[in-house]
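As the structure is a prediction and not an experimental result, all values here were calculated from the model. Hydrogens, waters and symmetry mates are skipped; everything else that's a heavy atom, side chains included, is used. First listed ligand is number 1; within each ligand, the first listed atom is number 1.
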Amino acid sequence: MSLKNDLFLRTLAGQEVERPPVWLMRQAGRILPQYRAIRSRLGGFKELLFNPALAAEVTIQPVDELDVDAAIIFSDILVIPEAMGLDYSMVEKKGPLFDKTINEVADIKKLAVGQSAAEKLDYVFEAIQITKKELDDRVPLIGFSGAPWTLMAYMVEGQGSKTFAKAKKFLYQHPKESEALLDSITETLIAYCKLKIKAGVDVIQIFDSWASMLSPDIYNRFMIKQLNRICTEITEVPIILFSKGAWFALNEMKTLDCQGIGLDWNTKPAFARAAIGPDKILQGNADPCLLYADPSEIQQKTKEMLSAFGKKHIVNLGHGVYPDTPLLGVKTFIKTVKEHKY
Ligand code: CP3
């Protein structure tokens, strides 16, 4: 394989590069009119998810339109709970809603686990194969999974939540069984990521979107162990861990065998660098709302971010790009990074 633009991979490999690479979390979908056109033609999000050819098309749209340095496969973190036996629907303007949840300890044993569960997600692997072919090695392709805690949070809660208190209650009331549930999710997600790698993804990013809901004690006791297993067992490609809001766990994450650490916008670059040490690549962390500002303001703040991180940096937002973000803001952000020279 020889990629035409391998800046993202060279950066993750710790090599000296000419400028930081840039991509945006949630760049596939949401912000592009081309995406919304395809999605409304199909009738919904899940229809698009289950259609590998169109999933490949919307994966490549931001590469064409925004000129980012990496593509991320169009999919969702909730495919794993579904493969494990918990179906959900995506409710317009509300988000995911599960038909069944982990409501009591006995529900854990009913889940499908590991390789056989992961193999059900053949439509994702097919989308990856088509994307790789159609991308024609222009940029690397990122595959992703939700982290064990974030997936458990949806599996117990059954929907989004401001606090995920139901899922946290389960952790406090049933610590042993929660650990068994987390083990099962981890086993499944490792099998899933390995199949994604086999299908062609060049990097894996793990989204722990609800890490900030947990106390440092709980995160370190339950979750670092799962993340460690993921980093130990997935050795084929570089891994980026994005634990949103988990600045308190950076010291523990320092010990994990991953190449990249994603940061949200609440974390200062210098603080993160001091906690994580000199080796790992930091990814982030502009406030997604910066992209609503005047272009001149976007330019200035982006330059400040670039100098605050220095080298060993992948530019991104501190969370996914919001659906109504103006394209001019997105493009100004990306252009500012691309004009930067170390
Ligand atoms: O990054 C990308 O562009 C690739 C595609 C991607 C989607 N979801 C597509 C999607 C990725 C990486 C995800 C990850 C994801 N999904 C996360 C982790 C990242 C994060 O934002 O914290 C989470 C928590 C989910 C769960 C999820 N999926 C929710 C809560 C929702 C509804 C709210 C929302 O974000 O729109 C989704 C739906 C979803 N996933 C959409 C897309 C494009 C919107 C559906 C639509 O209306 O088309």
Give the residue, atom name and distance (to 0.1 Å) of the protein heavy atom nearest [atom].
| atom | result |
| --- | --- |
| atom 16 (N) of ligand 1 | Asp76 OD1, 3.1 Å |
| atom 29 (C) of ligand 1 | Pro96 CD, 3.8 Å |
| atom 12 (C) of ligand 1 | Phe144 CZ, 3.4 Å |
| atom 44 (C) of ligand 1 | Phe45 CD1, 4.3 Å |
| atom 21 (O) of ligand 1 | Arg26 NH1, 2.6 Å |
| atom 25 (C) of ligand 1 | Ile77 CG1, 3.6 Å |
| atom 34 (C) of ligand 1 | Arg30 NH2, 3.1 Å |
| atom 3 (O) of ligand 1 | Ala28 N, 2.6 Å |

Is any NZ, NE, NH1 or NH2 atom of the basic residue among Glu18 and Arg10 found under 4.0 Å from an Asp or Glu carboxylate oxygen of the other?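 Arg10 and Glu18: salt-bridged.
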
Examine [X] relative to [Y] and say whether NZ or CZ is less than 6.0 Å from the centre of the six-membered ring and inside a 45° cone about the ring axis.
| X | Y | value |
| --- | --- | --- |
| Lys196 | Phe144 | yes |
| Lys100 | Tyr88 | no |
| Lys311 | Tyr342 | yes |

Numbering the atoms of ligand 1 from 1, which are under 4.0 Å from a heavy atom of [X]?
| X | answer |
| --- | --- |
| Phe74 | 43 (C) |
| Ile72 | 1 (O), 2 (C), 3 (O), 4 (C), 12 (C) |
| Ser209 | 18 (C), 19 (C), 20 (C), 22 (O), 24 (C) |
| Ser75 | 5 (C), 6 (C), 7 (C), 8 (N), 9 (C) |
| Tyr35 | 43 (C), 46 (C), 48 (O) |
| Gly95 | 32 (C) |
| Met90 | 28 (N), 31 (C), 32 (C), 37 (C), 38 (C) |

Just to verify, what does Ser307 make a side chain to side chain contact (heavy atoms under 4.5 Å, CB included) with, not counting sequence neighbours?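 Counting only residues at least two positions away or on another chain, Ser307 forms no side chain to side chain contact (heavy atoms under 4.5 Å, CB included).
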
Within the 3.5 Å criterion, strictly below it, is a donor on Glu157 or Trp210 matched to an acceptor on the partner's side chain?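 The answer is no; no qualifying pair exists.
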
Below the 3.5 angstrom mark, is there an N/O of His319, backbone or side chain, next to an N/O of ligand 1? yes

Does the ring centre of Phe45 sit less than 6.0 Å away from the ring centre of Phe74?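 Centroid separation for Phe74 and Phe45: below 6.0 Å.
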
Sub-4.5 Å side-chain heavy-atom contact between Leu317 and Asn285: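 In short, these two side chains do not touch, never coming nearer than 4.5 Å.
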
Does the side chain of Leu66 come within less than 4.5 Å of Gln61's, by heavy atoms? no

Heavy atom to atom 24 (C) of ligand 1, shortest distance: which of Tyr88, Tyr154, Phe207 holds it?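 Result: the heavy atom closest to atom 24 (C) of ligand 1 is in Tyr154.
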
Compare Lys46, Lys244, Arg39 and give the one whose heavy atom is closest to atom 47 (O) of ligand 1.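 Ranked by closest heavy atom to atom 47 (O) of ligand 1, first place is Arg39.
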
If the condition is side chain to side chain donor-acceptor pair (under 3.5 Å), which residues does Lys268 pass it with, not counting sequence neighbours?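 Lys268: no side chain to side chain donor-acceptor pair (under 3.5 Å) contacts found.
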
For Glu16, is the CD atom crowded, meaning more than 12 foreign heavy atoms sit under 6.0 Å from it?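 Atom CD in Glu16 is not crowded, with 12 or fewer foreign heavy atoms closer than 6.0 Å.
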
Structural part of Ile73 in contact with ligand 1, heavy atom criterion under 4.0 angstrom: backbone

Any idea how Phe207 and Phe242 line up, ring-wise: parallel (<30°), tilted (30 to 60°), or perpendicular (>60°)? perpendicular

